[in-house]
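Numbers here simply count residues along the sequence, with the first being 1. We count ligands from 1, going down the list as the structure has it; atoms in each ligand are counted the same way.
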Amino acid sequence: MNAIKDTLLMGPGPSNVRDSVANALTLPTIGHLDPRFIVIMDEVKAMLRSVFRTTNDLTIPISGTGSAGMEACFVNLIEPGDSVLVLENGVFGVRMADVAERLGAQVDVEEFEWGTPVVVDRAAKAIASKPYKIVAVVHAETSTGVRNSVEELAPLVVESGALYLVDAVTSLGGLPVDVDGWQADAVYSGTQKCLSCPPGLAPVTFSDRAREVLAARSRKVPNWYLDLSLLTSYWEGAKRSYHHTAPINMIYGLHQALSDLLDEGLQVSHDRHQEAHEYLVDQLKNLGLELFVDPAYRLPMLNAVTVPGGVDEAEIRQRLLSDHAIEIGAGLGPLAGKIWRIGLMGHTARRENVDRLVTALGALL
Ligand SMILES: *Cc1c(COP(=O)(O)O)cnc(C)c1O
């Protein structure tokens, strides 16, 4: 553990944690049914509703990272044979399809070129092609740095009668997420991206319609740990009962991270991400570096940067980490070796961090 030193986390997650959150994590552990802890749980639910912009009763953090949130949304809603459409343009769309297939769903994947967004017209045709139970899309595709137009797709999904399932892991806190405005039915996120809390919890929200689908299942949810109909006996109601031991200190951390975000203001946080992004793009231009994604659908919190010809991208990343204590990410899948992924997530999204990175990159290039 002695080798672990402060590192500027400018990769695709985790992001840097504020001191306030780090301190919250070290508060004394108390019991998971302690009345004082129940108060903290209820406050976390209320703050999550504000951050997700929803009135959904069922809005809780799942124990596990963002992927546990993905798994929870699919496993609670899918029964074998159900039709699911995934609008896919990156790693996390591929993962959604994999998760849904493992649950026995009939999965159709409408694929869009990586580095470009889901095209609404083509998505509309796919959505209308047959009656789907679920249509799923990733808001902020962290693997490519592309923002998908969740809001433009929303009315199409709603009109089709399908449940709208949205991945907001990277967007929540850094881009407007409007669960009720989109009429989204199942949305999940993670603590380790723009919420600036360590990895370990996955906020999830279910609409009343999604809850009805869950209640009307013909068989039990096939995963006991993630079964929301059981988890609600711990997270809701006057009398709480044991399901699994909540990760107490992580929930302290999330409580603090959400308070910090709401104190700052959602809009102010979104603007801070956008400003840091624009500053980064400008500074990279001075180094002769270009972004991989068109400005119209670039993510502010995840910047895909084209690796210049003749540069050993892995060596640069490794030396940034070893000599400058800065982490950035590599490309994935077809983009491996072609891009770097520079994160400006949560507390990391500040000018001085951009300056530190650009100075270090300039020296290495
Ligand atoms: C990071 C991420 C996930 C998975 O989260 P983990 O915390 O790695 O499990 C899912 N979706 C998107 C868009 C992500 O960026």
Side-chain angles (χ1 to χ4, degrees), residues 9-17 21 52 61-75 86-100 102 109 112 114-118 136-150 153 164-177 179 182 184 186-205 223 225-226 247 250-251 253-254 257 273 277 293 297-304 327-333 335 339-346 348-349:
L9 298 174
M10 302 189 86
S15 57
N16 286 110
V17 172
V21 173
F52 272 128
I62 297 287
S63 305
T65 63
S67 305
M70 182 189 293
E71 195 100 41
C73 287
F74 283 104
V75 81
V86 179
L87 305 169
E88 179 260 297
N89 60 342
V91 166
F92 293 103
V94 170
R95 189 177 291 184
M96 281 178 157
D98 186 13
V99 168
R102 285 164 192 250
V109 176
F112 300 83
W114 289 26
T116 72
V118 169
V137 70
V138 176
H139 188 200
E141 202 17 288
T142 321
S143 62
T144 62
V146 168
R147 178 176 49 78
N148 285 322
S149 193
V150 169
L153 295 164
Y164 194 22
L165 195 162
V166 178
D167 175 316
V169 175
T170 284
S171 51
L172 195 69
L175 272 177
V177 168
V179 169
W182 300 337
V187 182
Y188 61 92
S189 189
T191 43
Q192 52 140 324
K193 314 262 169 121
C194 294
L195 298 181
S196 269
C197 188
L201 292 172
V204 161
T205 185
N223 182 310
Y225 196 76
L226 298 174
M250 274 306 301
I251 289 170
L254 176 60
H273 282 82
H277 158 73
V293 170
Y297 37 80
R298 271 179 200 161
L299 291 174
M301 72 287 283
L302 195 288
N303 297 267
E327 178 177 274
I328 65 169
L332 297 175
L335 299 177
I339 59 168
W340 287 306
R341 290 183 301 149
I342 301 177
L344 289 169
M345 297 182 176
T348 304

Check: Is G13 near ligand 1, meaning one of its heavy atoms is under 4.0 Å from it?
Finding: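 Under 4.0 Å: no for G13.
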- Task: Determine, using heavy atoms of K193 and all atoms of ligand 1, whether some pair is separated by less than 4.0 Å.
- Result: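 Flag set, K193 near ligand 1.
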Report, in ascending order of atom number, the atoms of ligand 1 lying under 4.0 Å from any heavy atom of [X].
| X | result |
| --- | --- |
| G66 | 5 (O), 6 (P), 7 (O), 9 (O) |
| T142 | 12 (C), 13 (C), 14 (C), 15 (O) |
| S67 | 4 (C), 5 (O), 6 (P), 9 (O) |

For [atom], grab the closest protein heavy atom and report residue, atom and distance to one decimal in Å.
| atom | value |
| --- | --- |
| atom 8 (O) of ligand 1 | Q192 NE2, 3.5 Å |
| atom 3 (C) of ligand 1 | F92 CE2, 3.3 Å |
| atom 11 (N) of ligand 1 | D167 OD2, 2.6 Å |

Select one of side chain, backbone, both or neither to describe which atoms of A140 lie under 4.0 Å from any atom of ligand 1, heavy atoms only.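 Backbone only.
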Can you name the nearest heavy-atom pair linking [X] to [Y], along with the distance?
| X | Y | result |
| --- | --- | --- |
| V293 | Y297 | CG1-CD1, 3.7 Å |
| F92 | M70 | O-CE, 3.8 Å |
| A186 | C73 | CB-SG, 4.0 Å |
| G90 | S143 | CA-OG, 3.5 Å |
| P300 | H273 | CB-O, 3.8 Å |

Compute the shortest N/O to N/O distance between [X] and ligand 1 and return yes if it is under 3.5 Å, no if not.
| X | value |
| --- | --- |
| T65 | yes |
| Y188 | no |
| T170 | yes |

field: Test applied, side-chain contact (heavy atoms from CB on, under 4.5 Å); reference residue, V138; option that passes from V150, V86, D167, L87
entry: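 It is D167, the one option of V150, V86, D167, L87 that forms the side-chain contact (heavy atoms from CB on, under 4.5 Å) with V138.
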(message) Using only atom types and a distance under 3.5 Å, with no angle test, would you say the side chain of E141 pairs donor to acceptor with the backbone of G93?
(response)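 Side chain of E141 to backbone of G93: a pair is present.
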Side chains of P198 and V21, heavy atoms from C-beta outward: is any pair under 4.5 Å?
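Yes. Closest side-chain heavy atoms under 4.5 Å.
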